[in-house]
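Step one of this worksheet: look at the structure below.
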Amino acid sequence: MSFKSLIDEIENNLKKILDDLSVTNISFLVEPAKPGFGDVSSNISFLLAKKLKKNPKEIGDMLSEHYMKSIHTLVSKVESHPSGYLNFFADWEKLTQLILSESNLDTFGSVDLGKNSTIIVEHTSVNPNKALHIGHIRNVVVGDIVARILEKSNYKVNILNYVDDSGLQVADIIVGFRHFGFAQQPPEGKKFDQYCGDDVYVKTTEKYEADPSLEEIRKNTLKELEDGNSETAQFADKITRKVLENQLETCWNLGVYYDCLNFESQIIQSGLWSDIFEKLKEMNLVEFENGGKNVGCWVIRGENNDEDKVIVRSNGTATYIAKDIPYAAWKLGLLKDPFNYKKYEKTQPGTRILWQTTLADSSDPQQNFSGEKVITVIDSRQARLQEIITMLMSKFKSVENAYVHLAYESVTLSPATAQTLGLNTDGKQAQMSGRKGLYVNADAVYDLLKNKTIEETKKRHPEMLASEIQKIAHHVSVGTLRYEMIKQDLDKIIAFDLTKSLSLEGDTAPYIQYAHARASRIIEKSTRIPSIDIDFSLLSDKSELELIKTIGLFDIHVMNAAKNLSPKVMARYCHDLAVAFNSFYEHLKVLDLGDEKLENSRLCLVNSFKQTLVKALELLGITAPDRM
RNA sequence: GGGCUGGUAGCUCAGCUUGGAUAGAGUGCUGGACUUCUAAUCCAGUGGUCAAGGGAUCGAAGCCCUUCCGGCCCGCCA
C-alpha cells in the first residue's frame, strides 16, 4: 500500500462519481503524476469526453467539483488542467505518515500476485565444459533477480539449474582428455573450468577442423556418453562435476543460489522420454512420416509457415529438442517423479539448501521441485524451439501461461573489446563463441572490477583495514556487474566493453550504493535513534516530498516488475530512489540543525529511505555497504 | 525466401503493454558548487524531422499497414 492508498482512494471515488452519473464501462487510469502536475493524474476526462460529448476540460471541472464533495482523506486538492487531465494533490502530512510508517515493516514493498502458488525459475544451465563468460552472466543474473522479484510477490519459487552433461560440448572435452592427450590437471593458478573451456575445448575443436576424420571419435564418444554405464560416461561424470563445481563458485560469488540441480544424463536414463513420447502419440501431437524428406521420422507439425520439426530420427534416436520436452513436463509436475534427491556435496552459502537429483538410492528425504508455472530463462536465439515446447505444454496443462520462455538478447563484444581478444571486426560488434575461444571470462571481469574498486576505496579511506576494503570492493563489484546486466531491457543487445563496464559513475550500482552509504553515515553520526514518532508536517521541502513519494512507490514497481518479469523495472526504481535521496542530501542538512524536532523528522526520513533502498536492492541481489 | 526482434539526443538507453500535458535519464561537451552529514555527489547549459511513408483517431513516439536499415533464428547438430 502506501502511495497506492492514495491512488486507490482516488480510483474508488471516481468510480462512485461515475456510478452517480450512471456511466458504465469506462476503464480510466489513475497513476502517479509527471513532475509539475500534482501527485496523481487521471485520464478519465478524455474517456468520458466521447460518451458525454463534451470537451475534456469541462468534464474535468465537473469531476473535480464532485470529487471535493465526496469523502476523501488523502487528497487535498483536485485540479482540472486545461489539457483535460485531472490532477490530484495529496494531503502530504497524512500521506507521509502512512508511507514512512509502512516503510519500517519487513513486508514493505511485498505484493500478492502469486497467492502463495509455486513457480519454477530455471536459469544458468550452462554446458559443464567451460567457465562462465559474460554472456552467461546475463542469464544467471536475470534469472536470479526474476526469482527474487517473484518471491517478493508471494510466489513460492523453486530455482533450478539444468546441467547438460551429456551433449556434444561435453563429448568434445572428453575427446580432448582421452584422445588428444590433455592433462587432467590445469596449469598452476588456473581454475579447472577455465582450463576446460579455454584450452581443452577450443583446441580440440581446432583439431576437428584440421582433420575431419576425427569426427568419428567425436560421434562415438557422444554415443558412449548417452549410455550411463560406460566407462566414458563415468569419466565424463567426474569431469563435468568438477567443472560444475567451479561454475557454481562463480555464481555463488555473485550471490546467486539454487534449489536443485537437474542432470540431463539422468533425464535420459530415467525413462521420462518414453513416458512423454507415449503421451505425445496418444494426443496426436507427433506424427510418423511415411514419405517426404523426413520419411521414417516422428515430427511435430510446424504451425503457420514453420517447417516440421523432427523429434525422433529415422534411426530411432531422439533429437536435442526431444530431451527438453520431458524436462519441461517434469518441471510442471506432469510426470511421475522418477528421481531421488540428495544434498549437493558442497554447502551453498546463504539460506537455501542446494539439492540435486539422483537415480541412485538416497537417504535424504524426497523433494518436490515442480511448480504450477514454469519460467525458463534462455537466450532469445532459442525462441523457435522454446515456442514448440510452450505449445506442447499448453496442450498438457490448462493453466494459462503455465510455461514461459523468458528470452533475453545476447551479450556481444564491443569492437574495442573484440580487438583486445585479437579479432578485427571492422567497427562492428562480435558474437561471442565458446568454440572459438572468443569471450570474456566472468571471473576475470569480477577481478578487474574488484581491483579498481579497491583502489577507489583506498583513495577515500587510506586508514581503512584491508579486510574491510575487500568486503566493500566485493559488494561494489558484484553490484556493478549485476546492475550492468539488467539495467536495460531484455530485448536489447548488450555490447560488452571491458573499459566502459569499469565505470563506477552515473547510472551504475555504485551510484546507488553511495547514496546508501551517505544515509548510513548520517544515522551513524546522529546522537539519536531514528523514530517514527515525529512531526510529519516538518517534512515539507520539495526534495523531501519527492523522496517520500519515491519511497511510497516501491510496491507499485514490484508489482510491475513481477507482472512483466522485468528486472529493469527494479533497477530503475533503485536508481530513482538514489536520485531522490542525493537531491535531498545536497539541499538539506539533517544533523546539527539546532532544532530537535526537525532533526528527528529528517532522521526518520533518512532511515526510511535507507531501509527501502536495502529492500529494493535485495531484489537485485545487490548489497549496499555502510561506507565506501 | 519465411519467422522473431531492434531503430527515440553525438553515444548507451527509458517511455510503447493501458494513445492525451512540457518526449526523460546516463554519458559526452561547456560552466558552476567541496573548511560542511563522504564530490563514487549535486546544480545549470548544450543536444530530438521519436528510421521513412501512409492509415484509423478530436489527438500518435505509442495503435494498424507498407517500406528501409541492423541483429538473430529457420539441420534426422546440440
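Predicted, not measured: the structure shown is a model, and the values here were computed from it. In what follows, every heavy atom counts, from backbone to side chain, and hydrogens, waters and symmetry copies are set aside. Letters go in sequence order (proteins before strands), and every chain restarts at 1.
Applying the 3.5 Å distance criterion, the base of rA40(B) shares a donor-acceptor pair with the side chain of Arg460(A). With hydrogens and angles left out, the side chain of Ser41(A) and the base of rA21(B) share a donor-acceptor pair within 3.5 Å. Interface remark: the Ser380(A) side chain does not form any donor-acceptor pair with the rC72(B) base, using a distance-only criterion of under 3.5 Å.
Of the candidate nucleotides rC42(B), rC76(B), rG71(B), rC76(B) has the atom nearest to the side chain of Val295(A). For Arg381(A), the side-chain atoms get nearest to rC73(B) when compared with the rest of rC76(B), rA40(B), rC73(B).
Between Arg521(A) and Glu524(A) a salt bridge is recorded (basic side-chain N to carboxylate O distance below 4.0 Å). A salt bridge links Glu11(A) with Lys15(A): the closest approach of a Lys/Arg side-chain nitrogen to an acidic carboxylate oxygen falls below 4.0 angstrom. Taking a cutoff of 4.0 Å between a charged side-chain nitrogen and a carboxylate oxygen, Glu484(A) and Lys500(A) do not qualify as a salt bridge. Remark: Arg384(A) does not engage Glu307(A) in a salt bridge, criterion side-chain N to carboxylate O under 4.0 Å.
Considering Phe37(A), Phe46(A), Phe28(A) as possible partners of Tyr85(A), the one that fulfils the ring-ring contact (aromatic ring centres under 6.0 Å, His included) test is Phe46(A).
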What does the 5'-to-3' dot-bracket notation of RNA chain B look like when only Watson-Crick and G-U wobble pairs under 3.5 Å count, and pairs to other strands show as |? (((((((..((((......[...))))((((((.......))))))....(((((..]....))))))))))))....

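Between Ile494(A) atom CD1 and rA14(B) atom P the separation is 10 Å, expressed in whole Å.
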